[in-house]
A.B. asks: 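What follows is a single structure, and I will ask about it in a moment.
All chains are named by letter (A, B, ...) in the order of the sequence lines, taking the proteins before the strands, and each is independently numbered beginning at 1. The analysis underlying the following values was restricted to heavy atoms, covering all of them including side chains, and did not include hydrogens, waters or symmetry mates.
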Amino acid sequence: MSYILIVISAIFVNNIVLSQFLGICPFLGVSKKISTGVGMTGAVTFVMVIATIVTYLVQKLVLDPFGLAYLQTISFILVIAALVQLVEIILKKVSPPLYQALGVFLPLITTNCTILGVAIMTIQKDLNLVEAVVFSASTAVGFGLALITFAGIREQLELVDVPKGMRGTPIALIVAGLLALAFMGFAGLV
Amino acid sequence: MAKTESTLKNMVLTLLVITVIAGASLGFVYKLTKEPIALAKLNKQQTAIKEVVPGFNNNPGEEVLELTSKEGFNIKVFPARKDGELIGVAIETMTNTGFGGDVKIMVGLKPDGTIINYQVLEHKETPGLGTKMDVWFKTDKGHQSVLGKHPEKNNLTVSKDGGEVDAITAATISSRAFLKAVRVAYDTYTENSGKIASAQNSQPTAEGGVQ
Amino acid sequence: MNVVLITIITLGALGAVAAIILYFVAQKFKVFEDPRIDQVEEVLPAANCGGCGFPGCRAFAEAMVKADDISTMNCPVGGAEVMAKAAAVLGKEVEAAAPKLAVVKCNGTCENRPRLTTYDGASTCAIAASLYGGETGCSYGCYGLGDCVEACTFDAIYMDEETGLPVVDEEKCVACGACVSACPKNIIELRKQGPKGRRVFVSCVNKDKGAVARKVCSAACIGCKKCEKECPFGAITVVNNLAYIDDSKCKLCRKCVVVCPTNAIHEVNFPPRKPKPAIESTEKKSAE
Amino acid sequence: MNTLTVSPSPHVHGGDSVKKNMYGVVIALLPALAASLYYFGIGALVVTLTSVVSCVLFEWLIQKYLLRVPTTVSDGSAILTGLLLAFNMPTYLPIWIIIIGSLVAIGIGKMSFGGLGNNPFNPALVGRVFLLISFPVQMTLWPKPFESRFSYFNLTPDILDATTGATPLAAMKEGIANGETVSQIMDKLPSFNEMFFGLMGGSAGEVAAGMLLIGLVYLLLKKIITWHIPVSVIGSIFIFTGILHVVDPLVYASPVFHILTGGVMLGAIFMATDYVSSPMSNKGMILYGVGIGVITVLIRVFGSYPEGVSFAILIMNGFVPLIDRYIKPKRFGESVKPLKA
Amino acid sequence: MNQWKNFSKGFFKENAVFTLLLGMCPTLGVTSSAINGLGMGLATTFVLVMSNLVVALIKDFIPDKVRIPSFIVVIATFVTIVEMIMQAYLPSLFDALGLFIPLIVVNCVVLGRAEAFASKNSPVSSIIDGLGMGLGFAMALTILGSVRELLGSGKLFGNVIYPDQYGMLVFVLAPGAFIALGYLIAFINRVKEKA
Amino acid sequence: MLKTFSLGGVHPAENKLSAGQKIEVLPVPEQVSVPIAQHIGAPSEPLVKKGDTVKVGQLIAKSAGFVSANIHSPVSGIVQKIDDVLDASGYKRKAIIIKTEGDEWDESIDRSPALNKTIVASPEEIVKKVGAAGIVGLGGATFPAHVKLSVPPGKKCDVLILNGVECEPYLTSDHQLMMEKGEEIMVGTQILMKGLGVDRAIIGIENNKKDAIEHLTNLAKDYSGIEIQPLKVQYPQGGEKQLIDACIGRQIPSGKLPIEVGAVVQNVGTTFAVYEAVQKNKPLFERVVTVTGKSVSKPSNFLTRVGTPISTLIEAAGGLPEGTGKVIGGGPMMGKALSSIEVPVTKGSSGVLVVPEAESKRSEVQNCIRCSKCVSACPMGLSPYLLMTLSNKAMWDRAEEGKIMDCIECGSCSFTCPSSRPLLDYIRFGKGKVGQIIRGRNK
Ligand SMILES: Cc1cc2nc3c(=O)[nH]c(=O)nc-3n(C[C@H](O)[C@H](O)[C@H](O)COP(=O)(O)O)c2cc1C
Ligand SMILES: Cc1cc2nc3c(=O)[nH]c(=O)nc-3n(C[C@H](O)[C@H](O)[C@H](O)COP(=O)(O)O)c2cc1C
Ligand SMILES: Cc1cc2nc3c(=O)[nH]c(=O)nc-3n(C[C@H](O)[C@H](O)[C@H](O)COP(=O)(O)O)c2cc1C
Ligand SMILES: Cc1cc2nc3c(=O)[nH]c(=O)nc-3n(C[C@H](O)[C@H](O)[C@H](O)CO)c2cc1C
Ligand code: SF4
Ligand code: SF4
Ligand code: SF4
Ligand code: SF4
Ligand code: FES
């Protein structure tokens with residue numbers, strides 16, 4: 001697969017959030033403001049790329065040689081969990097404002113399906129290491145695109161009077177649905 | 001309640017203990033389910049082959065041939081024999097021209113190439129449209145069915161392209177992809193028919209067994 | 001090799017490596033954060049109403065942890081109970097603050113205060129107030145456009161259609177003070193709830209001279225000082241032609257209520273009394 | 001003397017109103033509606049009436065019984081949504097599907113957000129795309145002009161076969177996929193002249209480019225919309241397909257073909273310009289228009305849908321808040337030339 | 001705590017999907033039919049109960065810094081077990097749920113309960129909590145699955161309710177998942193408000 | 001193409017009903033009420049007390065700071081009281097109330113109508129005299145004129161712009177003044193030019209006053225450095241920033257004063273007052289006020305003493321018509337609705353507009369439909385729809401970011417909005433809040 005196709009596919013066509021249903025929790029959770037959305041995107045991109053590289057190596061260097069494919073889930077998640085905790089500890093020290101902004105969601109990156117999902121998909125798709133990096137980075141960009149667009153709409157909805165019963169989560173989900181509906185237009189682009 | 005402190009020793013020890021226990025239980029369950037999983041996989045393949053080429057009594061999985069079509073697709077050919085006699089082949093074939101990308105089907109051909117039956121293995125077509133291919137081309141209605149047709153003797157393209165097969169309503173693209181996959185299977189089969197016949201005596205490939 | 005064994009070794013190794021790396025990084029990048037902040041935050045009601053004067057519950061928790069003395073701080077939503085819990089977490093003392101309640105100090109109903117002009121601008125009190133003195137001659141009184149209602153996150157204040165004045169729902173009001181700061185005319189005050197909800201207060205904020213005030217509103221305080229003289233406890237002072245009852249001194253004897261010539265002093269939640277049934281009706285209204 | 005009214009300035013109003021704008025757009029749509037009735041006959045009438053009536057009815061019902069707010073159906077926006085939804089549907093569409101489309105457009109697309117002015121996405125397009133994805137079979141059944149005038153209630157497979165055909169875009173897409181060249185395909189299609197007047201298969205209101213352009217002139221004259229969005233949409237589609245066409249005229253159709261077919265005119269003039277779901281600043285509008293143009297071409301040429309305007313507009317609707325946030329109107333005194341003393 | 005309350009809170013008051021908005025990915029990803037929703041819900045319940053139990057048992061021995069990794073290993077173990085068992089005995093459901101089975105590991109509900117409940121409570125309460133939460137989750141997924149299946153293809157647990165040509169395909173696809181859940185939550189909020 | 005400003009603008013119906021009506025001198029009222037705050041800046045300090053006898057033109061309240069202005073008695077008589085009286089907004093403000101007795105002018109005032117062309121005063125004397133005469137901007141902003149004439153050190157003024165635009169619908173006082181006192185305005189211009197030390201002055205006049213343009217162009221031939229600039233009829237052409245942009249193509253940066261681009265703007269009425277002050281020693285205590293309205297039987301332009309009750313003016317214009325819904329002090333775009341017609345004329349009153357009931361109610365407010373018409377109308381390039389919402393939701397930081405302080409309160413946005421949204425109401429309020437925040441921060 002050429003890199004361009006990987007990029008377009010991961011960002012638009014098979015957008016991780018809007019068509020793959022991964023990472024919905026942070027998508028709904030940290031999208032109230034554009035600025036936190038941007039921060040989250042950064043954090044996810046960072047973690048995702050590193051996690052993909054590390055899990056890729058674990059798979060190729062440890063699991064495959066020993067025929068331990070069934071340990072994929074557990075070893076990947078262990079690696080990711082440790083990694084996220086590292087990022088958290090470092091971030092707390094290096095950039096307290098970003099740490100504050102991401103709040104509870106930083107530990108939840110661990111439980112952000114995108115990271116594990118992408119790590120597993122990379123193996124399933126049988127990509128090589130460079131492709132894996134491109135794939136994970138563009139998936140993260142796709143996540144960011146969806147998240148920031150969504151945050152923009154939600155910020156705008158803050159300014160209008162949404163009916164009481166729909167305020168908050170319901171309307172956010174409707175917006176996500178309509179965004180997904182729109183993104184279906186990209187079908188077949190690759 | 002006295003929490004264990006976060007010293008290096010404690011941390012390493014705890015994680016070690018937990019992972020060791022986890023490893024032990026996983027290894028154990030793995031051993032337990034290894035057989036059933038393999039069986040389930042084999043079953044799936046056998047059932048699929050049985051559906052498209054009924055009546056064999058060998059283990060086609062053991063005799064599988066891995067081929068590459070002209071278009072560069074990986075094609076698997078499972079020879080089906082009854083008492084050593086080749087009664088047909090089940091071909092795992094594909095195209096990449098579906099509405100949602102790859103379409104993978106298993107098609108059963110008589111030795112002369114006539115279509116016995118097919119089964120759709122994998123696709124990403126739209127539910128309600130392209131997905132209808134799993135029964136559409138078996139249904140005896142209008143000019144839908146391809147069963148009993150021969151890719152060479154019949155013009156197996158959609159009527160829109162001048163062929164004799166009715167496309168799935170509003171899913172011409174999927175229909176074309178389906179028919180194309182059949183064609184790929186047939187072409188690959190005829191090109192390699194010699195190999196297939198001779199494969200009878202060859203060693204079962206590694207792929208043939210359970211993974 | 002035995003599958004089980006390999007599994008154990010691989011996972012064990014992964015686990016141990018992860019633990020070691022985590023340990024060293026954690027050592028290197030240590031940040032101290034007072035764990036009590038989390039604990040305090042946990043006891044707060046998480047209404048994030050800002051009534052405490054801090055942006056959200058967590059900020060309040062942080063402030064409480066930092067402060068030496070938290071007796072001046074109060075969570076209006078959780079009240080004394082929550083403050084006591086928070087204090088317990090921090091090992092500090094708080095005095096139970098007397099429960100308070102929002103009180104609307106204007107009785108300029110449509111009857112009491114005839115309308116001289118009609119307002120036709122953006123319908124908020126703040127904007128009306130920045131434009132002009134109001135639809136009636138009283139430039140101190142309530143505009144009735146409901147900024148206070150809007151401000152209350154607890155649905156505790158609503159507009160009485162008939163009088164055009166806001167009414168506080170005593171059950172729901174948590175004395176967060178949002179309405180107090182929302183009102184551009186400073187009409188709402190947080191006052192002691194009083195035993196059994198009994199309160200006596202001056203329901204007027206007009207500082208005009210008596211004659212002027214009376215001309216524009218029949219229920220205005222005219223600053224005649226009768227109540228000031230009457231009060232046995234010195235709880236009432238008249239400043240700028242306006243009487244004010246200090247709720248820490250008021251003993252709820254209700255003598256002032258009787259002497260007020262304009263019925264500007266209101267008593268609420270008292271059992272009905274015989275001699276002056278006339279006032280009863282207005283009391284009821286504001287008590288509801 | 002009666003009481004004086006006091007209000008902040010200004011004390012006069014220009015007299016513009018929501019109604020004037022909405023009914024203005026309705027008027028601008030009339031030529032295209034007339035063309036549609038002329039070409040597609042009963043079907044066009046049924047689809048339009050059903051859509052408009054059910055949109056208005058749903059808006060009224062939702063406001064009255066669900067939201068319990070004052071009803072505002074008379075402002076004309078629901079009529080417009082109904083009309084534009086109808087314009088985006090093929091004229092053989094069964095009534096029940098139209099009603100579902102109206103419910104989605106008004107219920108999900110508009111009222112869930114609080115009604116007029118609050119919806120981030122274009123309601124009519126929400127309805128249309130929802131239907132397209134839910135009922136792709138019915139939504140891609142294109143009656144031929146004139147031949148389908150008297151069939152709607154009497155549709156039998158025979159009549160269907162005889163009176164439907166592919167839209168030029170679908171034909172182009174299929175042809176290219178089958179390996180034909182553009183000029184081979186074009187020979188089978190109506191001429192540009194015919195296309196301009198709407199002699200081709202397509203949604204009820206989208207076919208007659210000429211009529212839609214009359215509407216555009218009316219809208220511009222009445223100052224209901226500005227030129228920015230229509231020009232940037234049509235212009236960017238023209239330029240982008242033009243470049244492709246120059247690069248390889250065998251597989252990429254000419255820009256004229258692209259702007260005359262499908263929903264480009266309808267979309268650029270009436271749907272991308274929907275106030276509510278488009279940006280506020282002129283620069284923003286141009287960016288939005290170019291975005292729509294580029295995405296439309298991408299979908300048409302490289303994607304799996306033959307027609308991309310609806311999706312492109314919806315996608316760009318999603319970006320409008322960001323555009324508004326970061327692209328501000330030009331401010332007074334912003335670009336000051338340094339004063340030479 | 002009253003164990004009944006502890007159990008029942010997962011269904012309504014603290015329902016993971018409808019009120020806490022946790023575990024959204026499987027919620028949206030696998031609920032294209034009721035049976036998938038139910039299967040996923042039960043698989044999650046199993047993991048939830050078991051991991052809650054184990055976490056409650058070992059909570060006192062875990063140093064803080066490795067708390068999350070430890071919990072995750074526990075959870076991942078059970079997930080892998082479920083994965084293997086399903087693969088062996090329910091291959092078709094396994095195929096249908098696909099990637100979402102390993103992703104139970106990262107289902108926020110599971111870790112969330114381990115963190116918020118099991119690590120502070122007794123094993124028995126933790127099991128009950130896990131069961132309540134899990135079944136509540138399963139219930140939510142089944143409801144959403146039913147709604148989507150019914151609207152999308154006219155079926156309920158595979159039984160034809162009305163001909164599928166009247167079904168709105170969009171509900172089987174991504175956008176429909178979001179929209180259906182959105183209105184479901186709005187509806188539940190409304191019911192709750194009245195209650 | 002006529003010159004005009006570069007962004008936004010609207011065109012309300014002009015309705016210049018009183019155009020061409022000669023300026024009538026209104027009789028001296030029986031009693032005047034002179035507020036001590038008639039200008040931007042600190043209220044003046046009263047110099048008289050109850051019972052004092054004053055003459056016309058006598059200083060009765062003195063400037064209380066740099067940005068403040070003197071106030072002179074508009075009548076002769078006895079000070080009744082100094083008290084809080086209801087002002088136009090229904091709030092109480094301090095005012096000096098004088099009972100008229102005769103009409104005895106201060107001796108120093110030269111009452112002869114003869115034109116005095118020779119300017120003897122030095123630039124410093126000019127600024128001093130203007131200050132002493134209590135002249136404030138008569139264009140409506142009532143900014144003390146001498147402050148504008150004192151160019152701050154380090155800045156340079158190279159052009160004086162006279163505002164004869166009168167872009168407000170209905171109002172005609174400046175128009176009439178230009179027609180009747182053209183010569184005086186020319187001399188006044190020369191005085192201002194001398195005071196500022198510039199040799200170029202431009203008088204901007206909207207093209208709907210062709211007679212005034214012609215008249216002044218003829219007169220300007222005799223004076224060096226004065227140009228007449230016809231301008232497109234477009235509101236708010238008279239806004240200072242817009243006028244400078246239109247006349248000399250310079251845009252004042254956000255938050256800056258005209259002097260930043262080397263310009264000073266004065267209204268033509270102010271210029272006339274400057275002429276009177278410098279050449280005739282006459283302080284500012286009377287001005288031309290237009291009384292107009294569709295239902296008014298005799299729309300007129302009156303020369304009126306400050307402090308005269310508005311009701312007197314309306315009476316002189318034929319009385320308050322039946323069914324009056326609103327009385328506006330000023331024009332319909334920027335004027336203030338009065339809550340009582342007993343309030344007095346002040347230095348800033350350019351007109352009184354009587355609006356019939358049918359036209360005095362606003363239409364019902366609807367949701368913003370994001371039509372962006374307010375954005376296109378705003379002459380300052382702001383986003384009024386957004387500023388209104390931000391103001392409503394108290395998001396002050398974003399409002400400040402959106403340059404809410406740049407709003408000149410012209411009302412073009414509210415005028416255009418098809419949803420009849422009270423945009424300016426909220427923006428004005430927001431400006432107040434944001435202004436407070438900024439001042440608090442700068443402290
Ligand atoms: C949401 C949606 C999904 C579609 N899915 C498929 C599909 O899976 N397979 C297919 O061949 N066509 C699909 N189509 C239709 C194609 O876009 C195209 O219209 C059709 O294949 C043209 O063939 P026809 O001549 O049979 O109508 C889909 C269309 C839409 C709107
Ligand atoms: C604080 C302040 C200081 C000012 N200083 C000057 C000045 O030094 N020179 C000047 O020409 N105008 C000055 N002005 C006057 C303004 O430029 C402007 O003319 C006045 O506010 C009225 O303008 P308007 O009617 O367009 O609002 C000042 C205004 C303010 C509020
Ligand atoms: C929207 C707007 C419109 C104005 N229109 C006029 C006008 O028509 N004529 C005028 O003299 N001043 C007008 N002004 C006031 C001028 O901005 C400026 O204050 C005045 O010309 C300065 O002169 P002055 O200080 O002598 O009044 C307007 C101000 C604003 C904000
Ligand atoms: C120029 C213009 C274009 C419009 N286009 C649409 C449209 O494409 N779809 C629609 O549902 N409503 C349209 N409307 C109506 C209205 O703006 C729409 O219903 C709102 O989006 C509902 O909030 C349009 C209105 C105007 C003035
Ligand atoms: S009534 Fe006022 S004090 Fe009471 S809760 Fe509401 S806003 Fe707070
Ligand atoms: S009490 Fe104050 S805020 Fe409430 S309606 Fe009256 S004026 Fe407005
Ligand atoms: S009032 Fe302010 S925001 Fe409105 S148009 Fe005028 S300058 Fe712009
Ligand atoms: S003019 Fe009115 S409706 Fe249009 S954008 Fe501005 S505020 Fe909204
Ligand atoms: S379940 Fe996927 S992010 Fe929470």
A.B. asks: Crowded around F157(E) CZ? As in, over 12 foreign heavy atoms under 6.0 Å?
C.D. replies: yes
A.B. asks: Less than 4.5 Å to any heavy atom of chain A: does that hold for the side chain of T77(E), its backbone, both, or neither?
C.D. replies: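 Answer is both: backbone and side chain atoms of T77(E) are under 4.5 Å from chain A.
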A.B. asks: Given a strict heavy-atom distance threshold of 4.5 Å, which part of E83(E) is in contact with chain A: side chain, backbone, both, or neither?
C.D. replies: side chain
A.B. asks: Below 4.5 Å from any heavy atom of chain E, which atoms of Q72(A) appear? Answer side chain, backbone, both or neither.
C.D. replies: neither
A.B. asks: Would you say that F178(E) contacts I24(A) through its side chain, given a criterion of any heavy-atom pair below 4.5 Å between the two side chains?
C.D. replies: yes
A.B. asks: CD1/I115(A) to CG/L103(E) distance, rounded to the nearest 0.5 angstrom?
C.D. replies: 11.5 Å
A.B. asks: To the nearest 0.5 angstrom, please state how far the CD1 atom of I72(E) sits from the OG1 atom of T73(A).
C.D. replies: 12.0 Å
A.B. asks: What is the distance from atom CG of L28(E) to atom CG of L173(A), rounded to the nearest 0.5 Å?
C.D. replies: 7.0 Å
A.B. asks: Are the side chains of Y183(E) and M166(A) in touch, meaning some heavy atoms are under 4.5 Å apart?
C.D. replies: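 A side-chain contact under 4.5 Å exists here.
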A.B. asks: Out of curiosity, I179(E) CD1 to L181(A) CG, how far, rounded to the nearest 0.5 Å?
C.D. replies: 6.0 Å
A.B. asks: What do you reckon, is CZ of F46(A) surrounded by more than 12 foreign heavy atoms closer than 6.0 Å?
C.D. replies: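 Counting neighbours around CZ of F46(A), 12 or fewer heavy atoms of other residues, nucleotides or ligands fall under 6.0 Å, so no.
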A.B. asks: Are there over 12 heavy-atom neighbours, none belonging to K60(A), within less than 6.0 Å of that residue's NZ?
C.D. replies: yes
A.B. asks: Would you say that P175(E) contacts L178(A) through its side chain, given a criterion of any heavy-atom pair below 4.5 Å between the two side chains?
C.D. replies: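 They are not in contact (no side-chain heavy atoms under 4.5 Å apart), so the answer is no.
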A.B. asks: Between L71(A) and T80(E), does a side-chain contact (heavy atoms from CB on, under 4.5 Å) hold up when you go through it step by step?
C.D. replies: CA-CA 8 Å; L71(A) 285 188; T80(E) 312; 5.5 Å; no
A.B. asks: Could you look at V30(E) and say if it's the side chain, the backbone, both or neither that has a heavy atom under 4.5 Å from chain A?
C.D. replies: neither
A.B. asks: Looking at L116(A) and P102(E), what are the two nearest heavy atoms and their distance?
C.D. replies: CD2-O, 3.9 Å
A.B. asks: Heavy-atom distance under 4.5 Å to chain E: side chain of L22(A), backbone, both or neither?
C.D. replies: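 Both parts, backbone and side chain.
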A.B. asks: Counting heavy-atom pairs under 4.5 Å with chain E, which one of S75(A), G177(A), A182(A) comes out on top?
C.D. replies: G177(A)
A.B. asks: Is F100(E) close to chain A through its backbone or its side chain, or both, or neither, when contacts mean heavy atoms under 4.5 Å?
C.D. replies: side chain
A.B. asks: So which atom in F21(A) and which in C25(E) form the shortest heavy-atom distance, rounded to 0.1 Å?
C.D. replies: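 Closest heavy-atom pair between F21(A) and C25(E): O-CB, 3.1 Å.
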A.B. asks: Against chain A, work out which of S70(E), G23(E), A76(E), A174(E) has the most heavy-atom pairs shorter than 4.5 Å and name it.
C.D. replies: A174(E)
A.B. asks: Rounded to the nearest 0.5 Å, what separates atom SG in C113(A) from atom CD1 in I104(E)?
C.D. replies: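 Spacing of SG (C113(A)) from CD1 (I104(E)) equals 11.0 Å.
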